[in-house]
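Every chain is numbered from 1, with letters handed out A, B, ... down the list of sequences.
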Amino acid sequence: MSDKVKADSVERPVNFIRNIINDDLANHKHQSITTRFPPEPNGYLHIGHAKSICLNFGLALDYQGKCNLRFDDTNPAKENLEYVESIKRDVAWLGFEWEGEPRYSSNYFDQFYAYAVELINKGLAYVCFLNAEETREYRGSLTEPGKDSPYRDTSPAENLALFEKMRAGGFKEGECVLRAKIDMASSFMCMRDPTLYRVRFEHHHQTGDKWCIYPMYDFAHCISDAIEGITHSLCTLEFQDNRRLYDWVLDNLDDFNKPDRPHQYEFSRLNLEYTVMSKRKLHQLVDDKLVEGWDDPRMPTISGMRRRGYTPAAMRDFAERIGISKVDSMTGMNILEAAVRDDLNVVAPRTMGVIDPVRVIIENYADSAPETIQAPMHPQNEAMGKREIFFGRELYIDRADFAEVAPDNKFQRLALDKEVRLRNAYIIKALRADKDADGNITTIYCTYDPETLGKNPADGRKVKGVIHFVEATKAVSAEFRIYDRLFTVPNPGKADDFESVLNPDSLVVKHGFVEPGLADAPVEVAYQFEREGYFCRDNKADSLVFNRTVALRETWNS
RNA sequence: AGGGCUGUGGCCAAGUGGUAAGGCAUCUGGUUUUGAUCCAGUGUACCGUAGGUUCGAAUCCUGCCAGCCCUGCCA
């Protein structure tokens, strides 16, 4: 498991939530802060959740407060244990520690029930027997007020009995619900007597069959926050209207109608170019087998990105780089990629891998065992030490690194009658090449300059190009999975049929060779295949498979 | 259309009345046995728009425009 994130003195970018917290602390509204990350266990976490995790846990760390992990499990029909386990794993992997044990909204079911009774006693809630369709009709529309339910004026005593009967299983699913009595003419649709409890004869992963009525999000979430002493309840923009209901519930409950009760603040959710973030769509990709699963390296899920080779540090850095605001935005992939590269560049040992191999024969090299060369693990960090690589008569280089005739004078690779430096080894010169019937190069014949290991030619001639290689007899064959964006358009979520806009080349499988030192490479650990990109060994495949996390930056055009 | 929000350079994003931070991307040089990294430099930003208040406005007021969210017994 990854290292835990510790509080530090690094200054974080400011945002409106930090400004609010600073004010609340300065005004002594709160002595310290408590936040929470409240996922519903109905799917895997994605990078948008990572943004929220970094915000909530990061705030707690910086202000020496607390952050709870709470499963918002009020809808047993959609939730299960596999998801709660994956969520715990992902949050921990990101490097965060929740306060105490994970919490569950379902821990508070008894309390929710008691608070519902309090509202009933105050004449602020009633059992309604309108069916779903009738309820919708009574609700009115965006421009027209709704009308009161005929059950709205039932006496508290009668409602109490009815609600107790609901809990006891005396009503069928859909037969009735408990509703708040607020205002059927409110401009906030969520205030038109919202449902507080519904009947569901559903087995719950935490409470088993104890309950057949389950609270709605708007009723459970604010109370859960209040019970846990959450000071700043952070959620996304689509809950802005719901804040009125959040406040209404807490203001009408004696235990919570206090100045230091929780308050909800909303920030914009993450939208990333060329991918989708909605759980519904991610479910669909998995269910329709358009990807391998939730942890497919092309998925924007935390587990997928982990498998792809993203590091917790890079994900956290990304969250910090994009910041927190209330603007509906579409974040470019460039920011994500820059964050991974910056981390991996420092952390990843260098190695060489030939992804699309073509054979090279060094004709003037003695036909003997290959020689050993000590190559640095990292050109800017000697402390990382050295590794053994090999050079001999037969090598592999990448097909893209050779052309019979250089296409232009910017071509810095191998061409007939031209010289190029083999990374960490000698300068070679291409003499001729064999081709198969289709015209594909099969073997390139070269000579090498034995006086150029670790130094430039004595005669002063300049050889600018550098290409990578692997010695053939020591090479270990490996599979490379080259990933590209999952969709062909920047905003697939907006497409009529997002599956029609999937990128058919989002995964390209190649078979090539790596240095022998990588034969037993650990899983999920980053390596830089020089001139190619950052890769890590796949955490599921039995054989030697490397996933490309991200390519190196390429700054030459034309 | 009733309501809730948001509009600052290509993309994120500071700024909250005193005359536009930063990051990513871009481009240009330099170093380099990764066309990587690193270093230095690089942007006329009509601050959505039209008015108004003010000595002075991205910041205050008004109108307009654009985008997002809200009529689940989902969260």
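Under the Watson-Crick or G-U wobble criterion, with both distances below 3.5 Å, G41(B) is paired with C27(B). Base pairing of C64(B) is made with G48(B), judged by Watson-Crick or G-U wobble geometry with both donor-acceptor distances under 3.5 Å. Across the strands present, A58(B) finds no partner; the criterion is a Watson-Crick or G-U wobble pair with both atom distances under 3.5 angstrom.
Sorted by residue number, the members of residues 163-177 of chain A with any non-hydrogen atom under 4.0 Å from RNA chain B read G174(A), V177(A).
The base of U71(B) has none of its N or O atoms less than 3.5 Å from a complementary donor or acceptor on the side chain of R136(A). Side chain Q528(A) to base U34(B): a donor-acceptor pair is found below 3.5 Å. Put simply, the side chain of Q412(A) and the base of G35(B) share a donor and an acceptor less than 3.5 Å apart. Q380(A) contributes a side-chain N or O that forms a donor-acceptor pair with the base of A36(B) under 3.5 Å.
H468(A) has its NE2 atom 12 Å from the C1' atom of G35(B), to the nearest Å. Distance Y217(A) OH to G72(B) P: 17 Å, rounded to the nearest Å. When the P atom of G72(B) is taken as reference, atom CZ of R192(A) falls 11 Å away, rounded to whole Å. In this structure, the CD atom of E532(A) is 12 Å from the C1' atom of G35(B), given to the nearest Å. In this structure, D183(A) places its CG atom 18 Å from P of G2(B), rounding to the nearest Å. Summarising the geometry, the separation between OH on Y138(A) and P on G72(B) is reported as 16 Å, rounded to the nearest angstrom. The interatomic distance linking E337(A) (CD) with C12(B) (C1') rounds to 15 Å, in whole Å. Computed from coordinates, the M216(A) CE to C70(B) P distance equals 15 Å when rounded to whole Å.
For the P atom pair drawn from G10(B) and C46(B), the interatomic distance equals 9 Å after rounding to whole Å. Look at the C1' atom in both U8(B) and C55(B): the space between them is 25 Å, to the nearest Å. Look at the P atom in both A58(B) and A45(B): the space between them is 13 Å, to the nearest Å. Separation of the P atoms belonging to C12(B) and C64(B) is 27 Å when rounded to the nearest angstrom. Separating the P atom of G22(B) from that of U42(B) is a span of 11 Å, rounded to the nearest Å.
At G22(B), none of the side-chain N or O atoms of R12(A) fall inside 4.0 Å of OP1 or OP2 (strictly under the cut-off). Phosphate contact (OP1/OP2 of G15(B), side-chain N/O of N19(A), threshold under 4.0 Å): present. Between R553(A) and U26(B), a side-chain N or O to OP1/OP2 separation shorter than 4.0 Å is present. OP1 and OP2 of U34(B) both lie 4.0 Å or more from every side-chain N or O belonging to R421(A). Between R198(A) and the phosphate of C74(B), there is a side-chain N or O to OP1/OP2 separation shorter than 4.0 Å. For the OP1/OP2 pair of G35(B) and a distance below 4.0 Å, the side-chain nitrogens and oxygens of T555(A) include no atom meeting the criterion.
Within the 3.5 Å criterion, the main-chain N or O of A314(A) finds a donor-acceptor partner in the side chain of T311(A).
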Tell me which donor-acceptor pairs under 3.5 Å the side chains of residues 17-24 of chain A have, and how far apart each pair is, sequence neighbours excluded?
from   : atom 1 : to     : atom 2 : distance (Å)
R18(A) : NH2    : D62(A) : OD2    : 2.7
N22(A) : OD1    : Y63(A) : OH     : 2.7
N22(A) : ND2    : R18(A) : O      : 3.1

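Classified by its glycosidic torsion, G72(B) falls in the syn category, the angle being within 90° of 0.
N424(A) comes within 4.0 angstrom of a nucleotide base, judged by non-hydrogen atoms across all strands. Residue contacts for G146(A): at a heavy-atom cut-off of 4.0 Å it reaches no nucleic acid atom on any strand shown. Using a 4.0 Å heavy-atom criterion, one finds that R531(A) contacts the bases of the nucleic acid, with or without backbone contacts as well. P379(A) comes within contact range of at least one nucleobase, with a heavy-atom separation under 4.0 Å. At the heavy-atom level, F239(A) lies under 4.0 Å from base atoms of the strands shown. Note on D218(A): nothing from the nucleic acid sits closer than 4.0 angstrom, heavy atoms only. Residue I213(A) is out of contact with every strand shown, counting any heavy-atom pair closer than 4.0 Å. L270(A) comes within 4.0 angstrom of nothing in the nucleic acid, heavy atoms only. Looking at heavy-atom distances under 4.0 Å, I324(A) makes contact with sugar-phosphate atoms alone, never a base. In this structure, K455(A) reaches the bases: a heavy-atom distance under 4.0 Å links it to at least one base atom across the strands shown. In this structure, N456(A) reaches neither bases nor backbone, as no heavy-atom distance under 4.0 Å exists between it and the strands shown. In this structure, R179(A) reaches neither bases nor backbone, as no heavy-atom distance under 4.0 Å exists between it and the strands shown. Heavy atoms of A132(A) sit under 4.0 angstrom from at least one base atom. When heavy atoms are screened at a 4.0 angstrom cut-off, M333(A) is found touching no nucleic acid atom at all.
To the nearest 0.5 Å, atoms CG (D225(A)) and SG (C235(A)) are separated by 9.0 Å. Atom CZ of R139(A) and atom OG of S149(A) lie 12.0 Å apart (nearest 0.5 Å).
Checked against salt bridge (charged side-chain N to carboxylate O under 4.0 Å, His left out), R387(A) has the following partners two or more places apart in sequence or in another chain: E515(A). In this structure, the ring-ring contact (aromatic ring centres under 6.0 Å, His included) partners of H283(A), at least two apart in sequence or on a different chain, are W294(A).
Taking the six-membered ring for Trp and the full ring otherwise, the centers of F16(A) and Y265(A) sit at least 6.0 Å from each other. The aromatic ring centroids of Y448(A) and Y426(A) lie less than 6.0 Å from each other.
A salt bridge does not link D449(A) to R421(A): none of the charged nitrogens lies less than 4.0 Å from a carboxylate oxygen. The residues E40(A) and K279(A) are annotated as not salt-bridged, no charged nitrogen and carboxylate oxygen being separated by less than 4.0 angstrom.
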Under a 4.0 Å heavy-atom criterion, the protein footprint on nucleotides 4-11 of chain B, written with B, S and -, is SSS---BB

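Comparing L142(A) and C190(A) against RNA chain B, the residue whose closest nucleotide sits nearer the 5' end is L142(A). Nucleotides of RNA chain B nearest to T452(A) and N15(A) differ in position, and the one nearer the 5' end is that of N15(A).
Using modelled atom types, one finds a donor on one side chain and an acceptor on the other under 3.5 Å when comparing Y365(A) with E371(A).
Shown are F109(A), F71(A), Y104(A); of these, the ring-ring contact (aromatic ring centres under 6.0 Å, His included) with H204(A) is made only by F109(A). Of the listed residues (Y534(A), F535(A), F529(A)), just one forms a ring-ring contact (aromatic ring centres under 6.0 Å, His included) with F546(A), and that residue is F529(A).
Contacts classified as side-chain hydrogen bond (donor to acceptor under 3.5 Å, both in side chains) and involving residues 163-177 of chain A (residues at least two apart or in different chains) are given here: Y113(A)-E164(A).
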